[in-house]
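Just so we're on the same page: letters track the sequence lines, and every chain starts at 1. We use all heavy atoms of the structure for the numbers below, so side chains are in, but hydrogens, waters and symmetry mates are not.
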Number of protein chains: 2
Amino acid sequence: MKLSPWEIEARFRRHAVRLTRQRVAIYAALVNDASHPTADELYRTVKRQHPMMSRNTVYCTLGALRQAGLVQEVNVGHEVARFDGNVTVHHHLICRVCGRIVDVMDEELNRLAISSRQAEGFHVLGYRIEFYGYCADCQQARPDVLEHCG
Amino acid sequence: MKLSPWEIEARFRRHAVRLTRQRVAIYAALVNDASHPTADELYRTVKRQHPMMSRNTVYCTLGALRQAGLVQEVNVGHEVARFDGNVTVHHHLICRVCGRIVDVMDEELNRLAISSRQAEGFHVLGYRIEFYGYCADCQQARPDVLEHCG
DNA sequence: GACTAGACAGGAATGATTCCTACATAGCAT
DNA sequence: ATGCTATGTAGGAATCATTCCTGTCTAGTC
Ligand SMILES: [Mn+2]
Ligand SMILES: [Mn+2]
Ligand SMILES: [Zn+2]
Ligand SMILES: [Zn+2]
């Protein structure tokens, strides 16, 4: 389900995002990749077609697209930032071993309510659920939580 | 509800965590602070009573306590790591403006199920829910999402 | 009281992200 | 079409939370 350049341009205009070759390339790379890539992965992907592209452009573009609501950041724990071109409401399964992030589109999960008593004055805009566990490929492996200390 | 030194020692022994003055001080500072402090905040707090304490000790201790299951890391977006001495199952409300993190202890939220069809081979161990919005103090303020680019 | 695996302090190294700046260009007005 | 200006881009320097390294130090054990 590759997104056409025409549709990308339409989205940019709809969200008042300035249209440049670099931005289109970065957005196309992200929206056509369900793996929630990092900024550096996107950089390396896009660099094949745009050898002059700088990392800074990737970061700036992702920032602009995020502000425009075309991209969201999916952060897992303390790892490097990962990005998601799917901005429909959904949640994620995260493998504790390989870090894989898989989408969970489940209507049931989109109706969560929080008692106003609990919210204590908070104005809740939304929520995200991160399921964690072991993916099919990593069932037998154990997480490598080794840290040097002493 | 300040935790007694005696109770801290008991927990350390129960979880086979080596007992040192520094570790007790760090754990006490964390478990008696509901604000989910950063490593540096803990460092500055503990340094008052232990002037020789190094940041590395704080990081190593938090790592050891986390492996022992006495502490969890609460990461919000891409910010600095924050820690939680409350390891009972609970979720969080996060203010988009000031970054405040407030506990949500709601039994209702602890029964979420994910259809096995959706999980696609994933072995789900648990999940965390982050509610986001504006805290009582920040209702009128707008998030400051300014980034320099050009 | 000594042994030893593990912890501590201090400081160097790392690396993802942000910042800076000169140049280029998209979108708009003429 | 042509020029103007606000904004984007490339390249590289700077930041800073975290990790890594190394030489003491000490908690737990016998
Ligand atoms: Mn996703
Ligand atoms: Mn908490
Ligand atoms: Zn996996
Ligand atoms: Zn707030």
Side-chain angles (χ1 to χ4, degrees), chain A residues 8-9 12-27 36-44 46-47 49-68 70-71 73-83 99 144-150, chain B residues 8-9 12-27 36-44 46-47 49-68 70-71 73-83 99 144-150:
Chain A
I8 291 177
E9 289 193 20
F12 276 36
R13 286 194 219 287
R14 233 180 288 136
H15 292 256
V17 174
R18 261 169 103 129
L19 197 64
T20 68
R21 301 170 176 289
Q22 293 92 334
R23 288 181 167 192
V24 171
I26 292 164
Y27 183 66
H36 307 85
T38 66
D40 200 63
E41 284 165 355
L42 287 169
Y43 170 68
R44 292 202 305 272
V46 168
K47 187 139 187 159
Q49 300 299 327
H50 296 258
M52 303 308 270
M53 172 91 52
S54 77
R55 274 187 183 76
N56 186 41
T57 299
V58 176
Y59 280 108
C60 285
T61 297
L62 289 171
L65 293 175
R66 189 158 50 98
Q67 272 188 265
L70 285 171
V71 159
E73 212 172 316
V74 183
N75 290 104
V76 178
H78 196 207
E79 319 264 289
V80 303
R82 302 181 63 165
F83 296 87
D144 51 335
V145 281
L146 299 176
E147 278 171 38
H148 171 95
C149 272
Chain B
I8 291 177
E9 288 193 22
F12 275 37
R13 286 194 219 287
R14 232 180 288 138
H15 290 258
V17 174
R18 249 185 197 238
L19 196 64
T20 69
R21 301 169 178 288
Q22 293 90 336
R23 286 181 171 193
V24 171
I26 292 163
Y27 182 65
H36 308 85
T38 66
D40 199 63
E41 284 165 354
L42 288 169
Y43 170 69
R44 291 202 305 272
V46 169
K47 188 139 185 160
Q49 300 299 327
H50 296 258
M52 302 308 270
M53 172 91 53
S54 77
R55 273 187 183 76
N56 186 39
T57 299
V58 176
Y59 280 108
C60 285
T61 296
L62 289 170
L65 294 176
R66 189 158 51 97
Q67 272 188 264
L70 284 173
V71 159
E73 212 173 316
V74 182
N75 291 105
V76 177
H78 195 209
E79 316 265 292
V80 303
R82 301 181 65 164
F83 297 88
D144 53 334
V145 282
L146 298 176
E147 281 171 36
H148 172 97
C149 270

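When the P atom of dG27(C) is taken as reference, atom CZ of F12(A) falls 11 Å away, rounded to whole Å. We find that CZ of R44(B) is positioned 10 Å from P of dA17(D), with the value rounded to whole Å. The nearest whole Å value for the distance from the CZ atom in R66(B) to the C1' atom in dT18(D) is 12 Å. Atom CE in M52(A) sits about 12 Å away from atom C1' in dA24(C), given to the nearest Å. One interatomic measurement links the two molecules: CG of N75(B) to C1' of dA16(C), which rounds to 15 Å at whole-angstrom precision. Rounded to whole Å, atom P of dT18(D) lies 11 Å from atom CD of E41(B). Between L65(B) atom CG and dA7(C) atom P there is a gap of 11 Å when expressed in whole angstrom units. Put simply, NE2 on H78(A) is 4 Å from P on dT18(D), counting in whole angstrom units.
In this structure, A81(B) reaches the sugar-phosphate backbone alone: every heavy-atom distance under 4.0 Å involves primed, P, OP1 or OP2 atoms, never a base.
Contact of N56(B) with dG11(C) (side chain to base): no donor-acceptor pair of N or O atoms is detected under 3.5 Å.
For S54(A), no side-chain nitrogen or oxygen approaches OP1 or OP2 of dT9(D) to under 4.0 Å.
Looking at heavy atoms from C-beta onward, L70(A) lies in side-chain contact with V17(A) at the 4.5 angstrom threshold. Two residues are said to be in side-chain contact when any heavy atoms from C-beta on lie closer than 4.5 Å; Y43(A) and T38(A) fail this criterion.
Side-chain proximity of Y59(A) to the nucleotides dT18(C), dG10(C), dT9(D) is greatest for dT18(C). Across dT9(D), dA10(D), dG28(D), the shortest atom-to-atom separation from the side chain of R13(B) is found for dG28(D). Closest contact between the side chain of M53(A) and the listed nucleotides dT17(C), dA10(D), dT18(D) involves dA10(D).
DNA chain C is contacted by R18(B), T20(B), Q22(B), R23(B) of residues 18-27 of chain B, taking any non-hydrogen atom closer than 4.0 Å.
Nearest-nucleotide assignment on DNA chain D puts the 5′-proximal partner with V58(A), out of E79(B) and V58(A).
In this structure, T20(B) OG1 and I26(B) CD1 are separated by 7.0 Å, a value rounded to the nearest 0.5 Å. Here R82(A) contributes atom CZ and L42(A) contributes atom CG; the two are 10.5 Å apart, rounded to the nearest 0.5 Å. For the atom pair CZ (R18(B)) and CZ (R23(B)), the distance works out to 8.0 Å, reported to the nearest 0.5 Å. Note that the CG atom of N56(B) and the OG1 atom of T61(B) stand 9.0 Å from one another [nearest 0.5 Å].
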Steps toward side chain to side chain contact (heavy atoms under 4.5 Å, CB included) verdict (V71(A), Y27(A)): CA-CA 8 Å; V71(A) 159; Y27(A) 183 66; 4.1 Å; yes
